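Only one structure is covered here, and it is reproduced in the block below.
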Amino acid sequence: MDLSTPIFDQKPSKKADLVAEQLKWHIVLEKLSAGDKLPHEQQLTEHFKTSRWTIREALKSLEVQGLIEIVAGAKGGVRVASVPYERASNLLANFFHFEHLSGSQIYDVRGVLEPLMAESVVDLLTEEDLKALEKTIIISHRYEGDEANRLKVRRAELEFHHILARACSNPFVMFICRFINDLLFHFIAFNKPMLKSHVAVSKRNLEYHQKLFDAYCGKDAVLVRAIMQEHMVDISKVMEKHQAYIEQGLIKRRSERPNPAGLDLDDQS
């Protein structure tokens with residue numbers, strides 16, 4: 001058992017944090033996979049020359065992060081876990097929640113990655129993937145209606161891109177593209193002025209998605225990339241326009257609303 005792998009110069013202040021970092025590096029450098037066992041608690045206590053409470057705190061930290069699972073019982077122990085996309089993306093979303101991202105900032109990245117990703121999956125999409133893409137297009141035809149219906153359509157529009165991302169063989173590109181799609185869904189869903197005017201946008205999205213679907217069926221990688229590039233440029237312009245409208249509207253409403261308590265009132269309309 002070699003758990004003496006180096007960590008960065010800036011060491012955690014707590015012993016439990018140091019143990020957790022060492023165990024992370026052990027998992028990475030030993031190329032452990034989901035289901036592989038880590039040393040028992042007693043072995044870890046002896047190796048790190050610390051108390052079992054410190055070891056348990058370190059293991060609990062890794063469990064919360066989704067890197068390990070602790071199984072009780074005689075045949076149990078500490079095993080490496082596969083971190084699901086949902087857990088990783090939720091943690092990352094918590095960070096960006098306080099960064100006040102704009103739609104245009106998101107599209108600065110999406111406009112570069114999405115065409116590359118789209119082209120890379122031309123020969124990787126299965127028949128099931130193509131059927132799933134077609135299903136999102138069918139749902140997207142219903143872009144007119146009430147707010148609940150528009151949310152369903154918006155979800156279907158982004159699921160079209162999710163299907164492509166999930167087929168990507170590059171896990172880093174796959175994660176970033178899926179994460180951006182999730183950000184965009186919440187960006188639209190929680191901005192009612194944008195959602196109300198999304199009918200025209202959905203109509204254009206539908207046209208692009210149909211063109212992309214036809215290009216995928218024809219396995220035309222060059223055409224796929226060109227269409228996706230045009231799609232990203234078109235929707236980024238719309239996003240910039242609506243972002244400015246929303247910000248101006250929020251500033252105006254905040255300045256006009258009475259605020260006797262001096263509170264920072266968010267728009268709840």
Side-chain angles (χ1 to χ4, degrees), residues 1-101 105-106 109-110 112-113 116-117 120-121 124 126 129 161-186:
M1 176 179 64
D2 182 12
L3 296 172
S4 58
T5 50
I7 61 173
F8 296 115
D9 293 337
Q10 188 176 356
K11 295 180 179 180
S13 56
K14 290 175 60 178
K15 180 70 173 179
D17 293 339
L18 176 60
V19 171
E21 285 297 313
Q22 292 280 17
L23 288 173
K24 279 185 188 180
W25 280 106
H26 175 69
I27 292 171
V28 171
L29 296 179
E30 293 298 321
K31 298 181 180 180
L32 300 184
S33 302
D36 290 343
K37 285 189 174 183
L38 290 180
H40 290 292
E41 182 182 297
Q42 183 60 39
Q43 291 176 288
L44 294 174
T45 300
E46 294 172 358
H47 175 81
F48 288 106
K49 297 180 175 58
T50 188
S51 69
R52 62 177 181 173
W53 305 112
T54 297
I55 296 300
R56 288 179 180 178
E57 185 179 354
L59 293 176
K60 187 63 179 178
S61 173
L62 295 178
E63 185 182 34
V64 170
Q65 295 175 55
L67 292 172
I68 65 169
E69 58 180 353
I70 302 173
V71 182
K75 295 184 180 180
V78 182
R79 297 192 179 101
V80 177
S82 177
V83 182
Y85 165 79
E86 288 73 20
R87 184 190 290 267
S89 63
N90 285 339
L91 289 173
L92 190 56
N94 289 340
F95 169 79
F96 283 111
H97 177 75
F98 299 100
E99 295 300 312
H100 308 294
L101 278 175
Q105 288 173 327
I106 295 173
V109 178
R110 195 186 192 209
V112 174
L113 282 184
L116 292 173
M117 179 276 295
S120 74
V121 302
L124 301 178
T126 65
D129 291 330
H161 292 271
H162 271 316
I163 294 165
L164 301 180
R166 287 195 292 266
C168 183
S169 60
N170 184 321
F172 183 68
V173 174
M174 178 275 292
F175 180 88
I176 298 299
C177 288
R178 288 187 67 186
F179 180 70
I180 288 175
N181 287 336
D182 288 336
L183 283 180
L184 288 171
F185 175 75
H186 289 90

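Nothing fancy with the numbering, it's 1 onward along the sequence. Note that the coordinates shown come from a computational prediction; the quantities given were computed from them, not determined experimentally.
Rounded to the nearest 0.5 Å, atoms CD1 (Ile55) and CG (Leu44) are 5.0 Å apart. In this structure, Glu69 CD and Ser82 OG are separated by 10.0 Å, a value rounded to the nearest 0.5 Å. Note: Leu23 CG to Leu32 CG = 10.5 Å, rounded to the nearest 0.5 Å. Atom OG1 in Thr45 sits 10.0 Å away from atom CD in Gln43 (nearest 0.5 Å). Note that the CG atom of Leu67 and the CG atom of Leu38 stand 10.0 Å from one another [nearest 0.5 Å]. To the nearest 0.5 Å, the span separating CD on Glu30 from CG on Asp36 amounts to 10.5 Å.
Ring planes of Tyr85 and Phe175: perpendicular class, angle over 60° (limits at 30 and 60°).
Side-chain contact between Val173 and Leu116: absent, with no pair of heavy atoms (C-beta onward) separated by less than 4.5 Å. Residues Met117 and Asn170 fail the side-chain proximity criterion, which asks for heavy atoms closer than 4.5 Å. Between Leu124 and Ser169, the closest side-chain pair of non-hydrogen atoms falls below 4.5 Å.
Screening residues 52-64 for side chain to side chain donor-acceptor pair (under 3.5 Å), with sequence neighbours left out, gives Lys14-Glu57, Glu41-Arg56, Thr50-Thr54, Ser51-Thr54, Lys60-Glu63, Ser61-Gln65.
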Derivation and outcome, side-chain contact (heavy atoms from CB on, under 4.5 Å), residues Asn181 and Arg110:
CA-CA 9 Å; Asn181 287 336; Arg110 195 186 192 209; 3.0 Å; yes
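The shortest non-hydrogen separation linking Gly66 to Val83 is O-CG2, 3.3 Å. Taking every heavy atom of both residues into account, Leu164 and Val121 meet most closely at O-CG1, 3.5 Å. Contact between Met174 and Cys168 at its shortest, heavy atoms only, is CB-CB, 4.1 Å. Looking at every heavy atom in both residues, Ala16 comes nearest to Ala58 through O-CB, 3.3 Å. Closest non-hydrogen pair, Leu62 versus Ala20, comes out as CD2-O, 3.8 Å.
For the pair Asp129 (side chain) and Thr126 (backbone), a donor-acceptor distance under 3.5 Å is present.
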